[in-house]
Amino acid sequence: MTIEVIQDKQTFEQVVNEKEAFILLKHSLTCPVSTFAHHQYKQFTDGADVPCYILHVQEARDLSNHIAAEYDVQHESPQALYFKNGQVVWHDSHGAITADQLKEVTA
């Protein structure tokens, strides 16, 4: 499955309203730990059954902050969030973001 970049609140809200479930990765373009998480995320998306999105924190800081406030999830980067029925049902960050963990969470 391809990874779609989300950069603004309007697009994000559209995804929340239209998708029953999806995964979002908050990714820092300059952090080595985030690079590892991004690699794991790409491995996961190869066989994912849920839509997969990415937010580049440096390019969408307002959206990243909105998500943290709206869903009461402390901002971290990298951070993976699993949305189901308009709610964050799981999230984790840094080295805990692995392809295997993402598969387990979305199974």
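- Using a 30° and 60° split on the angle between ring planes, H38 and H27 fall in the parallel class, below 30°.
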S77 and K26: side chain to side chain donor-acceptor pair (under 3.5 Å), yes or no, with the steps? CA-CA 6 Å; S77 179; K26 288 185 174 184; over 6 Å; no
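- Not less than 6.0 angstrom separates the ring centroid of F36 from the ring centroid of Y41.
- Under a hydrophobic clustering in which Ile, Leu, Val, Met, Phe, Trp and Tyr are joined whenever their side-chain heavy atoms come within less than 4.5 Å, directly or via other members, V105 and Y71 fall into different clusters.
- Under the 3.5 Å distance criterion, the side-chain polar atoms of T35 are matched with a main-chain donor or acceptor of C31.
- E76 and S93 are linked by a side-chain donor-acceptor pair at a separation below 3.5 angstrom, with hydrogens and angles left out of the test.
- More than 12 heavy atoms of other residues, nucleotides or ligands lie within 6.0 Å of CG in D46, so this atom counts as buried by the packing criterion.
- Residue L25 is not grouped with residue I6 when hydrophobic side chains (ILVMFWY) are merged at heavy-atom distances under 4.5 angstrom, including chains of intermediate members.
- Around atom CG of D49, no more than 12 heavy atoms belonging to other residues, nucleotides or ligands sit under 6.0 Å away.
- Of the options Q58, H56, Q79, H75, a side-chain hydrogen bond (donor to acceptor under 3.5 Å, both in side chains) to S64 is made by H75 and by none of the others.
- Atom CD of residue E59 and atom CG of residue L29 lie 5.5 Å apart, to the nearest 0.5 angstrom.
- Using a 4.5 Å cut-off between side-chain heavy atoms of Ile, Leu, Val, Met, Phe, Trp and Tyr, with links allowed through other members, W90 and V73 fall into different hydrophobic clusters.
- With a 4.5 Å cut-off on side-chain heavy atoms, C52 and F44 count as touching.
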Using the side-chain contact (heavy atoms from CB on, under 4.5 Å) rule, take N85 and E20 through it: C-alpha gap first, then chi angles, then the decisive distance, then the call. CA-CA 5 Å; N85 299 318; E20 179 182 335; 3.5 Å; yes
